[in-house]
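In what follows, every chain begins at residue 1, and chains take the letters A, B, ... in the order their sequences are listed.
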Number of protein chains: 2
Amino acid sequence: MRSEDIAKLAGVSRSTVSRVINNYPNVPEETRVKVLKVIEEHHYEPNSFARALAGKRTDTIGLFAISLSGKNIGNRIYQNNYFAPFVEAVVDTANAKGFYVLIHTVYSREDFQKIKQAFMQKRIDGGILVGIQEDIEIVRELSDLNAPLVIIDYDITEILAERLDKGHLAVINSKDYDGTVAAIEHLIALGHQEIGIVCGEQNTYSGKERYTAYLDTMRKHELTVKDSFVLNGHFSKQRAATEMRKLLASKELPTAIFASNDDMALSIIEVLHEHGIRVPEQIAVIGFDDIDLASRTVPKLSSVKLPLYEMSKAAVQKIIDMVGTSEPSFSTLSLPTELVLRESSGSKR
Amino acid sequence: MRSEDIAKLAGVSRSTVSRVINNYPNVPEETRVKVLKVIEEHHYEPNSFARALAGKRTDTIGLFAISLSGKNIGNRIYQNNYFAPFVEAVVDTANAKGFYVLIHTVYSREDFQKIKQAFMQKRIDGGILVGIQEDIEIVRELSDLNAPLVIIDYDITEILAERLDKGHLAVINSKDYDGTVAAIEHLIALGHQEIGIVCGEQNTYSGKERYTAYLDTMRKHELTVKDSFVLNGHFSKQRAATEMRKLLASKELPTAIFASNDDMALSIIEVLHEHGIRVPEQIAVIGFDDIDLASRTVPKLSSVKLPLYEMSKAAVQKIIDMVGTSEPSFSTLSLPTELVLRESSGSKR
DNA sequence: CTGAAAGCGCTTACAG
DNA sequence: CTGAAAGCGCTTACAG
């Protein structure tokens, strides 16, 4: 069934059918009703490719989940407690607004070609990038495509420095700095002085921010940061566990540890338990992200809540806004985090 | 950049460019190389919509995650430990084979229109349905579209009875019956006689199979099934917890419980612990699905492993096979499960 | 208000 | 082996 068939049945031309479908104002109510009736009766759906080819939107948003460090086989992306809720929220929001979501995973630098392809083949109206590491080359390439692009978790200063702010670009972050400060200051308020950190990927905006905030806060309160208390966990459970075991082998231990994500926090708590060290009595722990699991572990994990849902929602909205206008624009949004206290951080000592 | 531009630069016609792109045999090596060179140089990507419109495939697979019972707001689908790995595996497999994945979530019966639309608008070459409840009407509607369709977890006898087996349809299941039998018989071998079950959604193939297998196995071993030991958990943590609390309020308790999924198993273990009942010493528990979390809880959960990855892989492969041929076909695949013993099931009593 | 026609960027019989 | 042309199913200036 094509628009031509509908036209014949309704006794009008294809032009008019098209006008009705696209809600053109200059169609008399009577004609509109007549045409709509035929469309309904025959369950007609305009061919999306023909529409797109004729210049209409595709009503599809690309969602690109990037996981360059995850080389392991099998459940790679979604085993990560960060991506899954993201994907869900984006799909939900986009669906609710009448958009489809085209998903593609990026495991290697070559895979970025797939993103470019999706744009160049005009498959999508715009794209959302999540999980990207600092790599201004790629951002430049993608933004040069001049299609609506939203990047989650990226350093804006870098984009400004490179003058990439004149395409259809938006960056959406969370206030990880503030969240980390809140976590560290809470530990300090509880009386902790020897506070360690398990860092995330340092070529990641959130990884850097969380580390910097830790450093700044310690300095502000005139607490010394022991080198041995700074563990490189790379946002990975395994690496965090390994580092923690190394630390345990040495003499000195901190009295509190801030982990740059919950996966690592949970992982080091496990290691601590293996060694008979009680959390929070002997070592207090605070994580970051506030994943689902955080409230169901023993002890329940204190964590800084990432506004994942709000971020995804904002990302979709941004794409849609940008699709709607041809004006180039660069915008930025930074959503607040929140310290959620449970058991692992303990109380006043 | 269009094929016409490439043609000019290469000194050939659009026809030839197209032949090169589509790997037609009747192009001399020399011409092929010449054209490919120009394509490379200019990073030319054929417009996917024009190709599709001219009759080519879209190279896109639809993935529809159905969650009719999940009325709760927020993280609905991916909070469920069943969908997330599925989505990942499908995206991974499809991507690896050069296909994009178009995702859409279905929360209501009306949302099924979106699936039909995706097909009718020719957005996808074929679709995969996961999470569907028994609803032959919808299966009929979808299979009437006559596009490649793979359904995960569905009762084949129903499809055969309705003669829906002549379209481009495939059903992929796991051997839940066998898996459940193995779990129950293991408990029996450990000496349990009073075995309860927490059922899943009964309008779901896997929900029914797991329940039936439990019943059959108990009967086979001449063990009585107490009505009060059959809890309706509907695959939901909350409902399972509520039912478990009710059971605890009564006098009699089983010595072992089989839960139709891990979420419910974990949930009832929590409730048991709240009431000071030790698992597995006082009540042994076995779950189903073998989710990621199963190996990280206290006690570690024994569970029947669902071959999620293999199932998704098979689903994608089926779609691709069906896209490749115009012959109608109906096929079925049932992949084996595996009983994974950890701590919660206990040992010989 | 509305239709005929051109155009979107491909593919593929058809003819040579 | 290869090009000119028709066709895929829409949209949208253009003309009336």
**Student:** Distance-only criterion, 3.5 Å: show the donor-acceptor pairs between side-chain atoms of residues 19-26 of chain B and protein atoms not counting sequence neighbours.
**Tutor:**
residue, atom, partner, partner atom, Å
Asn22(B), OD1, Arg51(B), NH2, 2.5
Asn22(B), ND2, Ser18(B), O, 3.0
Asn22(B), ND2, Ser18(B), OG, 3.3

**Student:** What is the distance from CZ of Arg14(A) to C1' of dG3(C), rounded to the nearest Å?
**Tutor:**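 Interatomic distance, CZ of Arg14(A) to C1' of dG3(C): 11 Å.
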
**Student:** Take atom CD of Gln121(B) and atom P of dC10(D), then tell me their distance rounded to the nearest Å.
**Tutor:**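 That distance rounds to 10 Å.
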
**Student:** Find out whether Leu169(A) and Ile151(A) are in side-chain contact, i.e. whether some heavy atom of one side chain is under 4.5 Å from a heavy atom of the other.
**Tutor:**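 They are in contact (side-chain heavy atoms under 4.5 Å apart), so the answer is yes.
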
**Student:** Can you measure Ile21(A) atom CD1 to dT12(D) atom P for me and round it to whole angstrom units?
**Tutor:**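 These atoms are roughly 11 Å apart.
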
**Student:** Could you give the CZ-to-P distance, from Arg2(A) to dG9(D), as a whole number of Å?
**Tutor:**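 So the two atoms are 6 Å apart, to the nearest Å.
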
**Student:** Test your reading of the model: is there a side-chain donor-acceptor pair from Ser48(B) to the backbone of Gln121(A), 3.5 Å cut-off?
**Tutor:**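 Checking the backbone N and O of Gln121(A) against the side chain of Ser48(B), a donor-acceptor pair under 3.5 Å is found.
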
**Student:** Sticking with atom P, work out how far dG9(C) lies from dA13(C), rounded to a whole angstrom.
**Tutor:**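 Result for the P pair: 23 Å, nearest Å.
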
**Student:** Do Asp92(A) and Tyr107(B) get their side chains close enough for a donor-acceptor pair, meaning under 3.5 Å?
**Tutor:**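 The criterion, which ignores hydrogens and geometry beyond distance, is satisfied for Tyr107(B) and Asp92(A).
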
**Student:** Does Thr31(B) make a side-chain N or O approach to OP1 or OP2 of dT2(D) shorter than 4.0 Å?
**Tutor:**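 Thr31(B) to dT2(D) OP1/OP2: side-chain N or O found under 4.0 Å.
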
**Student:** Regarding Thr58(A) and Arg123(B), do their side chains bring together a donor and an acceptor under 3.5 Å, going by distance alone?
**Tutor:**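 Per modelled atom types, Thr58(A) and Arg123(B) side chains form no pair under 3.5 Å.
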
**Student:** Tell me which residues in residues 43-54 of chain A put a heavy atom below 4.0 Å from DNA chain C, sorted by number, or none.
**Tutor:** Leu53(A), Ala54(A)

**Student:** In whole Å, I'd like the distance from the CZ atom of Arg32(A) to the C1' atom of dT2(C).
**Tutor:** 14 Å

**Student:** Atom pairs, N/O to N/O, protein against nucleotides 14-16 of chain C, distance under 3.5 Å?
**Tutor:**
none

**Student:** Which residues in residues 22-29 of chain A have a heavy atom closer than 4.0 Å to any atom of DNA chain C?
**Tutor:**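 The stretch gives Asn26(A), Pro28(A) as the residues lying under 4.0 Å from the strand, ordered by number.
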
**Student:** Give Ser15(A) one of three labels, base, sugar-phosphate or nothing, depending on what nucleic acid heavy atoms sit under 4.0 Å from its own.
**Tutor:**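 Contact class for Ser15(A): base.
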
**Student:** If we only count heavy atoms from C-beta on, is the Asn173(B) to Leu333(B) side-chain gap below 4.5 Å?
**Tutor:**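 SC-SC contact between Asn173(B) and Leu333(B) ruled out.
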
**Student:** Just the rounded figure in Å: distance from C1' of dC10(C) to NZ of Lys122(A).
**Tutor:**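 Those two atoms, NZ and C1', are 14 Å apart.
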
**Student:** Show the nearest heavy-atom pair for residues Ile152(A) and Ala315(A), with the distance to one decimal.
**Tutor:**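 Nearest heavy atoms, Ile152(A) then Ala315(A): CD1-CB, 3.9 Å.
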
**Student:** Measure from CZ on Arg123(A) to P on dC10(C) and round the result to the nearest Å.
**Tutor:**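 In whole Å, dC10(C) P and Arg123(A) CZ are 13 Å from each other.
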
**Student:** Could you give the distance separating dG16(C) and dT12(C) at their C1' atoms, to the nearest angstrom?
**Tutor:** 16 Å

**Student:** Who passes side-chain contact (heavy atoms from CB on, under 4.5 Å) against Lys34(B), sequence neighbours left out?
**Tutor:** Val12(B)

**Student:** Quick one: OG1 on Thr204(A) to CG on Asp135(A), what's the gap to the nearest 0.5 Å?
**Tutor:** 11.0 Å

**Student:** How is Ser3(A) classified with respect to the nucleic acid when contacts are heavy atoms under 4.0 Å: base, sugar-phosphate, or nothing?
**Tutor:** sugar-phosphate

**Student:** Test your reading of the model: is there a side-chain donor-acceptor pair from Tyr154(A) to the backbone of Val130(A), 3.5 Å cut-off?
**Tutor:** no

**Student:** Asp5(A) CG to dC10(D) C1': how many Å, rounded?
**Tutor:**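 Asp5(A) atom CG is separated from dC10(D) atom C1' by 13 Å.
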
**Student:** For Tyr100(A) and His104(B), take the angle between the two ring planes, folded into 0 to 90°, and tell me which bin it lands in: parallel under 30, tilted 30 to 60, perpendicular over 60.
**Tutor:** perpendicular

**Student:** Contact between Leu142(A) and Leu145(A) at the side-chain level, heavy atoms closer than 4.5 Å - yes or no?
**Tutor:** yes

**Student:** Around Glu327(B), counting heavy atoms of other residues, nucleotides and ligands shown, do more than 12 lie under 6.0 Å from its CD?
**Tutor:**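 Incorrect, the count does not exceed 12.
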
**Student:** Would you mind classifying the nucleic acid contact of Thr16(B) as base, sugar-phosphate or nothing, using non-hydrogen atoms under 4.0 angstrom?
**Tutor:**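 Result for Thr16(B) = sugar-phosphate.
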
**Student:** Please answer whether the main-chain N or O of Thr105(B) pairs with a side-chain N or O of Asn95(A) as donor and acceptor at a distance below 3.5 Å.
**Tutor:**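 Yes, Asn95(A) side chain to Thr105(B) backbone: donor-acceptor pair under 3.5 Å.
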
**Student:** Which stems, defined as runs of 3 or more consecutive Watson-Crick or G-U wobble pairs with both pairing distances under 3.5 Å, involve DNA chain C?
**Tutor:**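 Only these stems qualify: C:1-3 with D:14-16, C:5-12 with D:5-12, C:14-16 with D:1-3.
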
